[in-house]
Amino acid sequence: MAAASGGGGTGQRTALVLSGGGVRGAYAVGALAGLVEVLGLGPDDPPPFDIVTGTSVGAINLAWVASQSDRGDLGVQGLVDLWRSLRLGVHARVSAQALPRRAMLDVGPLEDLVRRSVDWERLHAQVDRGRLRALVVAALHVGSGRTALFSELAEGVHFPASRDPRRTIVHTRLTCDHVLASAAIPWIFPPRPVEGHLFWDGGLRFNTPISPAIRCGARRLVVISALAPPAPMPAEGDIPSLGPDPQRTPGIAFLAGKMLHAILMDPVHYDLEVLERFNALQDLLADTLAPDELERLDAAAIALRGRPYRHLHTLLLAPRDDLGALGVAEVRARSGELLRLGPLGWLLRSLGLGESGSDLASYLFFDGDFAGRLVERGHADVVARADEVRAFFAR
């Protein structure tokens, strides 16, 4: 029996926000498994979330969670097993057939795995029956450069549009194609056609979709990111070193990894700091203004943004240390094995065996053993914060 009830059990609308990050998505699955364990959730308990948003690999994990959202434990062990089943050279491989599609990898088998593993009809049933209020997946529209927020909503749920011209809401029934479009990292995976348009990875513009969760009515946010908190800001005038030898030009693999890392490095930590400032302001206004003044304030907020401002409780689950080092260590430990895997093995070796290694290794190492290590890291990080997690869900 659950130690603390979830989104539906307390009257609080609780959202799960899942960010992108390639194979690092296995870390998020481990964090979910840790959360389920810490809360003592079993299959018959109320589910902890009733709103789920995700980008890139977060969208893939979202699809599984959504399809299992009639279970308190979210069927998370099945998702762990799915990640552990990945095999290099099987689910991702370098192929000449992928090159005309402007991609490095042929990920057809990986896409087939996603398509077969998620029960899409069951996913729709969760929304139709109101167990899930909202599902939102972000993908980048190649033609316009705008982020499409593909959303499937339960009856009566309002998702007001943002005034941000870079984003547009598309109400639809989510399919595997929407999810795979969200996860199509440019030049590594091919762009995905959806409803006559091409889309690329949503993480290029919107890696951690917090605002859609808020706009769908969330009052509590659990954000799982595969990126460690940023290092402290350097002193004014100082420039962080690119590597151990600042006088030496880094290799292409190193720079490509840093470029991808920078693209996916959403300002999630800063966004949550801004939320806390709004919380403090909201609490001050609630203590200061008369009821009729608060009503006028709410009306003005609704006119401007479609929803009133409310105090939002947030919980960020993220690695304590950068996961890039894990990818490099995996490549170096399995260097001989990679030599026997052909072009993909050679690519990964080049990413991990350089002087400084490359963050790309931790994004592209589509292998169950490495994914399992990321799962274990995510699980351990959440269990270490058990008291904080229980306190959050007890509010």
Side-chain angles (χ1 to χ4, degrees), residues 6-8 10-21 25 28 31-32 35 47-66 69 74 123 126-127 130-139 147-154 156-164 166-172 174 178-179 182 202-203 205-226 266-276 278-279 282 301-302 305-318 392-393 395:
T10 62
Q12 294 266 31
R13 298 299 180 193
T14 306
L16 174 65
V17 182
L18 297 168
S19 69
L32 275 176
L35 186 147
F49 309 108
D50 46 19
I51 296 168
V52 187
T53 68
T55 298
S56 193
V57 70
I60 294 175
N61 288 334
L62 168 152
W64 177 279
V65 169
S69 58
L74 304 174
L123 178 151
Q126 310 299 352
V127 179
R131 293 194 182 103
L132 273 176
R133 290 174 56 81
L135 302 176
V136 182
V137 168
T147 297
L149 299 173
F150 296 114
S151 59
E152 184 167 347
L153 309 177
V157 174
H158 182 44
F159 181 12
S162 167
R163 295 199 174 188
D164 189 336
R166 298 169 298 175
R167 298 171 189 166
T168 185
I169 297 173
V170 180
H171 296 295
T172 187
L174 291 181
H178 296 102
V179 168
S182 179
R205 297 291 291 270
F206 202 22
N207 197 44
T208 309
I210 293 173
S211 64
I214 298 172
R215 290 182 171 276
C216 287
R219 298 293 299 275
R220 300 190 300 195
L221 301 171
V222 176
V223 181
I224 304 183
S225 171
D266 242 13
V268 58
H269 298 275
Y270 179 74
D271 288 347
L272 292 176
E273 287 179 10
V274 172
L275 265 181
E276 287 305 311
F278 270 95
N279 282 340
Q282 184 68 31
I302 292 171
R305 60 189 293 271
R307 284 195 179 276
Y309 288 105
R310 292 290 183 264
H311 189 110
L312 294 166
H313 298 289
T314 61
L315 176 66
L316 174 64
L317 303 176
F392 175 84
F393 277 90
R395 287 172 173 157

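Just so we're clear, the structure is a prediction, and the values are computed from it rather than from any experiment.
Considering every non-hydrogen atom in both Val17 and Pro209, the closest pair reads CG1-O, 3.6 Å. Across every non-hydrogen atom of Ala28 and Asn61, the tightest pair is CB-ND2, 4.2 Å. Of all the heavy atoms in Asp50 and Arg131, the pair that sits closest is CB-O, 4.0 Å. Minimum interatomic distance between Ser56 and Gly21 (heavy atoms only, all atoms of both residues): OG-N, 4.3 Å. Thr147 and Ala138 make their closest contact through CG2-CB, 4.0 Å (heavy atoms, listed as atom of the first residue, atom of the second, distance). Contact record, Ser19 with Val57: O-CG1, 4.0 Å, taken as the closest heavy-atom pair.
By the side-chain contact (heavy atoms from CB on, under 4.5 Å) test, Leu153 pairs with Ala134, Ser151, Val157, Phe159, His171, Cys216, sequence neighbours left out. Annotation: side-chain contact (heavy atoms from CB on, under 4.5 Å) contacts of Leu16 (sequence neighbours excluded): Leu18, Leu32, Phe49, Val52, Val65, Val222, Ile224. Taking the side-chain contact (heavy atoms from CB on, under 4.5 Å) definition, one finds that Ser162 meets it with Asp164, Arg215, sequence neighbours left out.
Of the possible polar contacts, none joining the Ser69 side chain to the Leu132 backbone as a donor-acceptor pair under 3.5 Å is found. A donor-acceptor distance shorter than 3.5 angstrom exists from the side chain of Arg220 to the backbone of Arg395, with no hydrogens or angles considered.
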>> Apply side-chain contact (heavy atoms from CB on, under 4.5 Å) to residues Leu221 and Ile214 and explain how you reach the verdict.
In response: CA-CA 8 Å; Leu221 301 171; Ile214 298 172; 4.0 Å; yes
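Counting heavy atoms from C-beta outward, Pro212 and Arg167 have side chains that stay 4.5 Å or more apart. Side-chain atoms of Val127 and Leu174, non-hydrogen and from C-beta on, never get closer than 4.5 Å to each other.
The line from CG of Leu316 to OG1 of Thr208 is 9.0 Å long, rounded to the nearest 0.5 Å. Here Thr14 contributes atom OG1 and Phe392 contributes atom CZ; the two are 6.5 Å apart, rounded to the nearest 0.5 Å. Taken to the nearest 0.5 Å, the CD atom of Glu276 stands 9.5 Å off from the NE2 atom of His313.
Test Val136, Thr55, Val137, Val170 against Leu149 for side chain to side chain contact (heavy atoms under 4.5 Å, CB included) and you get one pass: Val136.
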